[in-house]
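What's counted below: heavy atoms across the whole structure, side chains too, no hydrogens, waters or symmetry copies. Here the structure is a predicted model, which means the values were calculated and not measured.
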Amino acid sequence: MIIPYNDIGFGGPGVIRQGYYAGGRLETDAGAIFGQATYNLTPEIHLVVGGRYSIERKGISEQLQFDLARPYSPANPVAPLAQCGADIPSVPTCQPHKTFRSFTPKVALEYQITPDALLYASVSRGFKSGTYNVGGVQPPVKPEKVTAYEGGLKSEFLDRRLRINLAGFYYDYKDLQVGKVVNASLALENAATATIYGAELELRARPTPDLELGLTGSYLNAKFDSFISIDPARPGGDGRTVDPATGAPAFNNAGNRLPQAPKWTVDAMAQYTVRSDHGSFALRGEVLWVDKVYFSAFNVPQVSQPAKTKLNASLIYTDPGDRWSVTVYGKNLANKTYISNAFVSSSIVGFGVNGFLEEPRTYGVTIGYKF
């Protein structure tokens, strides 16, 4: 990523300088062995035991540049302020290669109440590999690890014309990988711990063979248990907390919501199909409502998206042989502007908020064929 700078902001004559660059190449070699077995304790009760052993080896070659001397040209080579790689001069903290290993087991119990109703409960471990922050020229972060407890009901009624699925979950995270702006760069670090719990509901109904109704909803409580971090945009911190690594004023984010974790989500849909000798036509409408989300661990309103509603619709034609299909769709029909991600940038550019927007009103056509 290259960001040229106008040096007028630094008292210069207004020349566009080469500016900021962060980039590189990340290579990953991964392998895994996994297996799962089911033992029938009774005809209705089943014990499921499984496990996975994963190994990932990652290698990095990256550079970071902040250049206010050279006038900007896309042909200019990178003049690195810092770099890391196996075959280039590197900073002392460089670790150009790192291997991550993990064993993640699972145990589940299933009770088949009836042929159309299943109760289940499970305990499992999860693993997200450690990685590099490409262009950040920093040591790799540790893997994320989670212990997950889940339970629920999967059921169908009325000759499978009504489906009701319920699920509850509790996730205990360790070493969450969280990004933050430090000086002119976006750094990646391991938050200490976080707890996530919630519930999901799925309803599907077919009042008639041609009409399908659906409703899904979820509740999510996702908060940091402990995470101390510096916020460059607020160098004074919260007045009580210091960063244990540097001693600088910081913020205690314990109790804050995790980024991109809406508390409530609701999705409703309806689809009606008209059948004929020339094929079928299905008209589908969808309403999606998502609660407020924050994009940083600091939970500040400047980098958040308030609750949003999106309307989508489609018309699907399927040929009589059920081989060809043509879909005409429209997304975000109300043409609302929503933020998909945002972060507070460096002090060099005045702590401006950079962000990315979701797609505006979008129309399209897709063609499908079943082999």
Using a 4.5 Å cut-off on heavy atoms from C-beta on, say whether the side chain of [Y] contacts that of [X].
X: V141; Y: T131; answer: yes
X: H46; Y: Y39; answer: no
X: R101; Y: T99; answer: yes
X: T216; Y: E200; answer: no
X: E202; Y: I164; answer: no
X: I316; Y: V326; answer: no
X: N332; Y: L311; answer: no
X: K331; Y: Y363; answer: no

Quiz item: Between R163 and F157, is NZ or CZ placed under 6.0 angstrom from the six-membered ring centre and within 45° of the ring axis?
Solution: no

Quiz item: Does the cation-pi check pass for K98 over Y132, that is, NZ or CZ under 6.0 Å from the six-membered ring centre and within 45° of its axis?
Solution: no

Quiz item: Do the rings of Y317 and F281 sit parallel, tilted or perpendicular, given the 30° and 60° boundaries?
Solution: tilted

Exercise. Evaluate the ring planes of F227 and F224, with Trp represented by its six-membered ring, and classify them as parallel (under 30°), tilted (30 to 60°) or perpendicular (over 60°).
Key: tilted

So, does [X] use its side chain to make a donor-acceptor pair with the main chain of [Y] at under 3.5 Å?
X: Q65; Y: A79; value: yes
X: Q305; Y: I339; value: yes
X: D175; Y: K142; value: no
X: R206; Y: D210; value: no
X: R17; Y: A69; value: yes
X: D267; Y: L215; value: no

With the 4.5 Å side-chain cut-off for hydrophobic clustering, are [X] and [Y] part of the same group?
X: V49; Y: Y111; answer: yes
X: V48; Y: Y149; answer: no
X: L258; Y: V178; answer: yes
X: F127; Y: Y173; answer: no
X: Y272; Y: L213; answer: yes

Practice problem: Check the pair T28, E56 against side chain to side chain contact (heavy atoms under 4.5 Å, CB included), reporting the backbone distance first and the verdict last. | Solution: CA-CA 7 Å; T28 302; E56 292 191 20; 3.9 Å; yes

Quiz item: Do other residues, nucleotides or ligands put more than 12 heavy atoms under 6.0 Å from K308 NZ?
Solution: yes

For a quick check under 3.5 Å, do [X] and [Y] share a side-chain donor-acceptor pair by atom type?
X: R52; Y: S54; result: yes
X: R125; Y: T147; result: yes
X: S229; Y: E189; result: yes
X: T273; Y: S280; result: no

Quiz item: Is there a salt bridge (charged side-chain N to carboxylate O under 4.0 Å, His left out) between E286 and R284 once you walk through the steps?
Solution: CA-CA 7 Å; E286 178 186 50; R284 180 186 180 95; 5.1 Å; no

Quiz item: Less than 6.0 Å separating the ring centroids of Y53 and F103?
Solution: no

Quiz prompt | side chain to side chain contact (heavy atoms under 4.5 Å, CB included) evaluation trace for E156 with R204 | solution = CA-CA 9 Å; E156 293 181 324; R204 284 288 187 273; over 6 Å; no

Self-check item: Qualifying residue, where the test is side chain to side chain contact (heavy atoms under 4.5 Å, CB included) with W264 and the options are V290, L220, D291
Solution: D291

Practice problem: Before giving the answer on salt bridge (charged side-chain N to carboxylate O under 4.0 Å, His left out), spell out for E358 and K310 the whole-Å C-alpha distance, their side-chain angles and the decisive distance to 0.1 Å. | Solution: CA-CA 11 Å; E358 296 184 7; K310 297 184 73 172; 3.1 Å; yes

